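Computed from a prediction, not measured in an experiment: that's the story for all the values here.
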Amino acid sequence: MTNDIVKKPAHYSEFAIQPITFILANGFGFWRGNVIKYACRAGSKVYDGQTQVESEITDLKKAMRYCEMRINQLEGRGITDG
């Protein structure tokens with residue numbers, strides 16, 4: 001079976017339910033969906049020029065960043081503040 005990086009990327013193949021299916025089925029908005037996406041793939045996708053550990057940290061930082069942007073929005077600040 002060939003790896004279809006568009007429809008079934010390898011870094012999501014470990015899940016019984018793909019993150020996008022879970023996100024859409026629950027009607028999650030953009031920020032929440034990205035937190036789920038990055039948290040799910042942390043440790044599974046290796047970025048060019050990074051080790052597996054560095055890549056996991058990158059994805060966890062991305063998830064945290066979406067949480068920070070949502071907090072900024074809720075607190076009435078610009079989403080990119082902080």
Can you pull out every salt bridge (charged side-chain N to carboxylate O under 4.0 Å, His left out) where at least one residue sits in residues 47-58? Sequence neighbours excluded, please.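 Residue pairs with at least one partner in residues 47-58: there are none.
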
Can you see which heavy atom on [X] is nearest to which on [Y], and at what distance?
X	Y	result
Ser44	Cys40	OG-O, 4.5 Å
Val35	Ala63	CG2-O, 3.6 Å
Gln50	Ser55	OE1-CA, 3.1 Å

Any [X] side-chain heavy atom under 4.5 Å of [Y] side chain:
X	Y	result
Leu60	Tyr38	no
Thr58	Lys61	no
Asp59	Tyr47	yes

Reported [atom1]-to-[atom2] distance for the pair [X] and [Y], which is rounded to 0.5 angstrom:
X	Y	atom1	atom2	answer
Phe28	Lys37	CZ	NZ	15.0 Å
Asn34	Tyr66	CG	OH	4.0 Å
Cys67	Trp31	SG	CH2	6.0 Å
Asn26	Arg32	CG	CZ	10.0 Å
Arg77	Gln73	CZ	CD	11.5 Å
Ile79	Asn72	CD1	CG	8.5 Å

Is a side-chain donor or acceptor of Gln52 paired with a backbone partner of Gly43 at a separation under 3.5 angstrom?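 Confirmed, Gln52 side chain pairs with Gly43 backbone.
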
For Val53, which fellow cluster members are found when Ile, Leu, Val, Met, Phe, Trp and Tyr are connected by side-chain heavy-atom distances below 4.5 angstrom, either directly or through intermediates? Ile57

Linked hydrophobic residues, Ile20 as query - side chain contacts closer than 4.5 Å: Leu24

